[in-house]
Amino acid sequence: MALLAAANWDPGVFPEPGRLDVHRGDRHHVGFGYGVHQCLGQNLARLELEIAFSTLFARIPTLRVAVPVDELPYTYEGLLFGLHELPVTW
Ligand code: HEM
């Protein structure tokens with residue numbers, strides 16, 4: 001089974017893969033899978049995220065992470081990888 005998180009972390013494809021850069025403009029990630037079973041809901045998911053984040057930052061412009069970024073607790077359970085929690089302040 002291919003590990004999508006590892007593919008998305010490939011420094012040969014994504015320079016400095018550990019650096020969050022929302023302006024990369026890269027469309028070659030496999031976060032939504034690849035091939036015939038590629039995510040059917042990816043366009044909806046992208047739209048939802050765009051609306052959610054733009055609304056959130058418009059309503060709470062001072063929102064920021066409350067702890068140093070390298071102290072954020074990550075979780076990895078099977079196929080799912082992400083933050084265990086994200087303490088914020090404003
Ligand atoms: C950020 C949000 C999402 C992520 C990261 C995501 C990720 C994925 C991934 C990696 C796959 C491929 C699984 C595989 O290779 O077997 C997949 C499949 C699928 N996703 Fe998503 N998904 C998201 C949101 C959604 C939404 C909102 C919907 C529907 C409203 C959806 C519906 C589906 C369906 C139906 C499949 C199966 C496609 C198939 O097997 O042919 N997903 N998704």
Side-chain angles (χ1 to χ4, degrees):
M1 181 180 280
L3 190 53
L4 299 179
N8 288 335
W9 204 261
D10 181 354
V13 180
F14 308 103
E16 295 184 76
R19 185 171 56 85
L20 176 64
D21 179 0
V22 295
H23 301 292
R24 282 180 192 266
D26 249 320
R27 297 290 169 148
H28 304 300
H29 68 79
V30 287
F32 290 108
Y34 185 80
V36 291
H37 289 289
Q38 195 168 16
C39 180
L40 282 178
Q42 63 182 288
N43 291 327
L44 174 62
R46 286 194 170 97
L47 186 62
E48 287 176 338
L49 289 166
E50 194 177 322
I51 292 169
F53 281 119
S54 58
T55 303
L56 181 66
F57 293 124
R59 289 195 184 166
I60 315 175
T62 55
L63 188 68
R64 61 191 187 280
V65 181
V67 298
V69 171
D70 55 2
E71 287 178 19
L72 290 173
Y74 279 84
T75 179
Y76 183 83
E77 292 164 9
L79 286 173
L80 295 177
F81 169 81
L83 285 172
H84 182 63
E85 60 182 25
L86 180 62
V88 296
T89 186
W90 59 90

In one Ile/Leu/Val/Met/Phe/Trp/Tyr side-chain cluster, 4.5 Å: [X], [Y]:
X	Y	result
W9	F14	no
V88	F57	yes
I60	F53	yes
V69	V67	yes

Distance, nearest 0.5 Å, that separates CG of L63 from CH2 of W90 =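 It is 7.0 Å, given to the nearest 0.5 Å.
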
For a quick test of reading the model, state the closest non-hydrogen atom pair linking [X] to [Y] and the distance between them.
X	Y	answer
Y74	L83	CZ-CD2, 3.6 Å
L72	E85	CD2-O, 4.4 Å
A7	V30	CB-CG2, 3.7 Å

For [X], what are the other residues in its hydrophobic cluster, where any two members join if their side-chain heavy atoms are less than 4.5 angstrom apart?
X	result
F32	none
V22	L20
L47	I51

Contacts of D21 that satisfy salt bridge (charged side-chain N to carboxylate O under 4.0 Å, His left out) - sequence neighbours left out =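 Result, salt bridge (charged side-chain N to carboxylate O under 4.0 Å, His left out) vs D21: R19.
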
task = Hey, could you give me each pair passing salt bridge (charged side-chain N to carboxylate O under 4.0 Å, His left out) that has a residue in residues 54-68? Not counting sequence neighbours.
result =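 Checked against salt bridge (charged side-chain N to carboxylate O under 4.0 Å, His left out) - neighbours excluded - no pair reaches residues 54-68.
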
query = For residues 38-56, which residue pairs qualify under side-chain hydrogen bond (donor to acceptor under 3.5 Å, both in side chains), counting only residues two or more places apart or in two chains?
reply =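 Sorted pair list: Q42-R46.
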
